[in-house]
Trainee: 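My questions all concern the structure below.
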Amino acid sequence: MEAVFPLDKFPELITERLILRQISNDDVAGFLKLRSNPEVMRYIPRPLSKTEQEIIDFFNVGEELYEKGEMINFAIALKQTNKFIGSIGFYRTKWHANRTEVGYILDPDHKGNGYVHEALKEMIRFAFHEIGFHSIEAIIDPRNTPSINVIERAGFVKEGHLKESDFWNGEYIDCLIYSLINKN
Ligand SMILES: CC(C)(COP(=O)(O)OP(=O)(O)OC[C@H]1O[C@@H](n2cnc3c(N)ncnc32)[C@H](O)[C@@H]1OP(=O)(O)O)[C@@H](O)C(=O)NCCC(=O)NCCS
C-alpha cells in the first residue's frame with residue numbers, strides 16, 4: 001500500500017444529489033460560517049475560527065497533508081447549484097494498517113435531508129474500492145446524537161467508549177470509537 005493517496009489527481013465523486021469535490025477558495029465563506037458557529041462546533045474539540053484568513057490557512061495545511069498522504073478533505077456541494085454545504089474527509093491516515101478516520105460537518109440549513117448519509121456511503125465505496133483502505137474509524141462525543149445516527153446508519157460498529165480520555169473547554173470528555181471494516 002502507498003504512503004500517499006494512489007490518485008493521479010484530486011478526485012470528484014458524484015452521488016444522486018451531491019458532488020464531493022476539492023475544496024477551493026470559493027468555499028472559504030461557507031466553511032467559515034460552519035467553523036465559527038459554536039452550535040456546529042459543539043462536539044468538535046477545535047477552536048472556533050474567526051477570520052477568513054484562518055480558513056485559508058486551514059485549507060493550505062489540508063493541501064500539505066493531502067500531499068503527504070495523511071488526509072483528504074472534500075467539499076460537499078449540491079449537484080444542482082454547486083453550492084458548498086459542508087465537508088467530509090479522511091484524516092490521520094495510518095497506511096501501515098490501511099486505516100483512516102472519517103469526519104464530517106454540515107451547514108445546519110441543510111440538515112435532516114440525508115446529505116451526509118449519502119456522502120458517507122460514497123466515501124466508504126471510495127475508501128474500500130478505489131483507495132484500498134481496510135478499515136475506517138470514527139471518533140464521536142457520546143452526546144453528539146446526530147453524528148452517532150449518521151455513523152450507525154452507515155453500518156459502523158461501536159468498539160469502545162473511552163472515559164474522560166480527552167480534555168476540551170475545561171472538561172474531561174468521553175469518546176466513542178466506531179469502525180467499519182472492509183470484509184470484501
Ligand atoms: C453530524 C451531522 C453531520 C448530522 O447531520 P444530519 O443532517 O442529521 O445527517 P444527514 O445529512 O445524514 O441527514 C440524516 C437525517 O435526515 C433524515 N433524512 C431525510 N431524508 C433522508 C434520506 N434521503 N436519506 C437518509 N436520511 C434522510 C434522516 O431521517 C435523518 O434525520 P434523523 O437523524 O432525525 O432521523 C450534523 O449534525 C453536523 O454537521 N453536526 C456538527 C458537526 C459534527 O458534530 N460533526 C461530527 C463530528 S464527530
Side-chain angles (χ1 to χ4, degrees), residues 10-67 70-93 100-124 126-127 136-154 156 166-171 173-176 178:
F10 198 100
E12 192 167 89
L13 308 176
I14 312 280
T15 70
E16 194 187 333
R17 296 174 294 173
L18 306 171
I19 302 175
L20 309 183
R21 56 160 174 78
Q22 189 163 22
I23 284 188
S24 81
N25 281 353
D26 293 342
D27 303 318
V28 169
F31 207 71
L32 177 60
K33 184 181 165 207
L34 306 187
R35 297 280 302 196
S36 63
N37 181 332
E39 273 309 303
V40 173
M41 295 296 288
R42 189 157 169 199
Y43 300 121
I44 298 180
R46 299 280 180 280
L48 291 178
S49 301
K50 293 185 187 67
T51 64
E52 294 208 342
Q53 188 57 48
E54 283 173 31
I55 301 296
I56 292 166
D57 294 345
F58 184 80
F59 287 180
N60 288 339
V61 170
E63 252 177 62
E64 281 170 28
L65 292 176
Y66 172 65
E67 296 298 332
E70 193 177 319
M71 87 173 220
I72 181 165
N73 201 25
F74 291 83
I76 305 175
L78 293 177
K79 204 185 205 172
Q80 286 195 335
T81 56
N82 200 24
K83 181 184 160 56
F84 172 93
I85 61 163
S87 78
I88 187 162
F90 295 132
Y91 316 99
R92 292 187 273 266
T93 300
T100 195
E101 179 188 326
V102 71
Y104 35 76
I105 186 166
L106 181 73
D107 185 329
D109 291 348
H110 293 275
K111 71 180 180 194
N113 292 302
Y115 288 137
V116 174
H117 173 70
E118 189 171 317
L120 181 55
K121 264 198 320 191
E122 174 59 13
M123 289 292 279
I124 293 167
F126 172 70
I136 307 171
E137 180 175 289
I139 300 173
I140 303 179
D141 187 308
R143 297 167 294 183
N144 193 350
T145 308
S147 185
I148 291 170
N149 290 343
V150 163
I151 216 73
E152 291 189 346
R153 202 173 280 133
F156 282 62
D166 205 353
F167 186 81
W168 184 249
N169 269 347
E171 58 173 346
I173 52 176
D174 292 7
C175 296
L176 300 179
Y178 279 86

Trainee: Please find the pair of heavy atoms, one from I72 and one from P11, that lie closest to each other, and give the distance.
Mentor: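 Smallest interatomic distance, heavy atoms only, reads CD1-CD, 4.1 Å.
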
Trainee: At what distance, to the nearest 0.5 angstrom, does CD1 of I148 lie from CG of L176?
Mentor: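 The CD1 atom of I148 sits 5.0 Å away from the CG atom of L176.
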
Trainee: Using the ring-ring contact (aromatic ring centres under 6.0 Å, His included) criterion, which residues pair with F58? Sequence neighbours excluded.
Mentor: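 Counting only residues at least two positions away or on another chain, F58 forms a ring-ring contact (aromatic ring centres under 6.0 Å, His included) with F31.
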
Trainee: Do I139 and E101 have side chains that get closer than 4.5 Å, going by heavy atoms?
Mentor: yes

Trainee: Would K33 and D109 count as a side-chain contact (heavy atoms from CB on, under 4.5 Å) if you check the C-alpha gap in whole Å, the side-chain angles of each, and the deciding distance to 0.1 Å?
Mentor: CA-CA 11 Å; K33 184 181 165 207; D109 291 348; 3.0 Å; yes

Trainee: Distance from S87 atom OG to N73 atom CG, nearest 0.5 Å?
Mentor: 4.5 Å

Trainee: Contact between T51 and S49 at the side-chain level, heavy atoms closer than 4.5 Å - yes or no?
Mentor: no

Trainee: Which value, rounded to the nearest 0.5 Å, describes the distance between I44 atom CD1 and R35 atom CZ?
Mentor: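 If I round to the nearest 0.5 Å, the distance is 6.5 Å.
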
Trainee: Just by distance, do the side chain of N113 and the backbone of H110 share a donor-acceptor pair under 3.5 Å?
Mentor: yes

Trainee: Could you tell me which non-hydrogen atom of N82 sits nearest to which non-hydrogen atom of I19, and how far apart they are?
Mentor: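 For N82 versus I19, the nearest heavy atoms are OD1-CD1, 4.4 Å.
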
Trainee: Would you mind telling me which of V28, N25, D57 makes a side-chain contact (heavy atoms from CB on, under 4.5 Å) with E52?
Mentor: V28

Trainee: Is the CZ atom of R17 crowded by more than 12 outside heavy atoms at less than 6.0 Å?
Mentor: yes

Trainee: At their closest point, which heavy atom of D166 faces which heavy atom of P45, and how far apart are they?
Mentor: OD2-CG, 4.1 Å

Trainee: I need the minimum non-hydrogen distance between I140 and I151, along with the two atoms involved.
Mentor: CD1-CG2, 3.7 Å

Trainee: So do M71 and F90 actually touch side chain to side chain, heavy atoms under 4.5 Å?
Mentor: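 No. Closest side-chain heavy atoms not under 4.5 Å.
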
Trainee: Within the 4.5 Å heavy-atom criterion, are V40 and P108 side-chain neighbours or not?
Mentor: yes

Trainee: Report the C-alpha separation of F10 and I23 in whole Å, then their side-chain angles, then the decisive distance to 0.1 Å, and conclude whether the side-chain contact (heavy atoms from CB on, under 4.5 Å) test is met.
Mentor: CA-CA 10 Å; F10 198 100; I23 284 188; over 6 Å; no

Trainee: Verify salt bridge (Lys or Arg N to Asp or Glu O under 4.0 Å) between D27 and R21, making sure each step is shown before the conclusion.
Mentor: CA-CA 11 Å; D27 303 318; R21 56 160 174 78; 2.9 Å; yes

Trainee: Is the closest side-chain heavy-atom distance between L120 and R153 below 4.5 Å?
Mentor: no

Trainee: Using ring-ring contact (aromatic ring centres under 6.0 Å, His included) as the criterion, list what pairs up with Y115, not counting sequence neighbours.
Mentor: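 Not a single residue meets the ring-ring contact (aromatic ring centres under 6.0 Å, His included) criterion with Y115.
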
Trainee: Provide the closest heavy-atom pair for A119 versus I76 in the form atom of the first, atom of the second, distance.
Mentor: CB-CD1, 4.1 Å

Trainee: Which residues satisfy the ring-ring contact (aromatic ring centres under 6.0 Å, His included) test with Y178, sequence neighbours excluded?
Mentor: none

Trainee: Looking at D107 and K83, is any side-chain nitrogen of the basic one under 4.0 Å from a carboxylate oxygen of the acidic one?
Mentor: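 Answer for the salt bridge query: no.
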
Trainee: Of the options E118, K79, E122, which is the one that meets T15 in a side-chain hydrogen bond (donor to acceptor under 3.5 Å, both in side chains)?
Mentor: E118

Trainee: Working to the nearest 0.5 angstrom, can you tell me the gap between F59 CZ and E64 CD?
Mentor: 14.5 Å

Trainee: In sequence, state the C-alpha distance, the side-chain angles, and the governing distance for F74 and M123, and then conclude on side-chain contact (heavy atoms from CB on, under 4.5 Å).
Mentor: CA-CA 10 Å; F74 291 83; M123 289 292 279; 3.6 Å; yes

Trainee: Under 4.5 Å between any side-chain heavy atoms of V116 and I105, yes or no?
Mentor: no

Trainee: If you count heavy atoms of other groups shown closer than 6.0 angstrom to CD of Q80, is the number above 12?
Mentor: no

Trainee: Taking all non-hydrogen atoms of both residues, which atom of L34 and which atom of M41 are closest, and how far apart?
Mentor: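 L34 and M41 have their closest heavy atoms at O-CG, 3.7 Å.
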
Trainee: Would you call Y91 and T100 a side-chain contact if the rule is heavy atoms closer than 4.5 Å?
Mentor: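 No, side chains not in contact.
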
Trainee: Side chains of D26 and F84, heavy atoms from C-beta outward: is any pair under 4.5 Å?
Mentor: no

Trainee: Got a second to check how far E152's CD is from T145's OG1, nearest 0.5 Å?
Mentor: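 One gets 10.0 Å once the value is rounded to the nearest 0.5 Å.
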
Trainee: Atom CG in L65, atom CG in N60: separation rounded to 0.5 Å?
Mentor: 11.0 Å

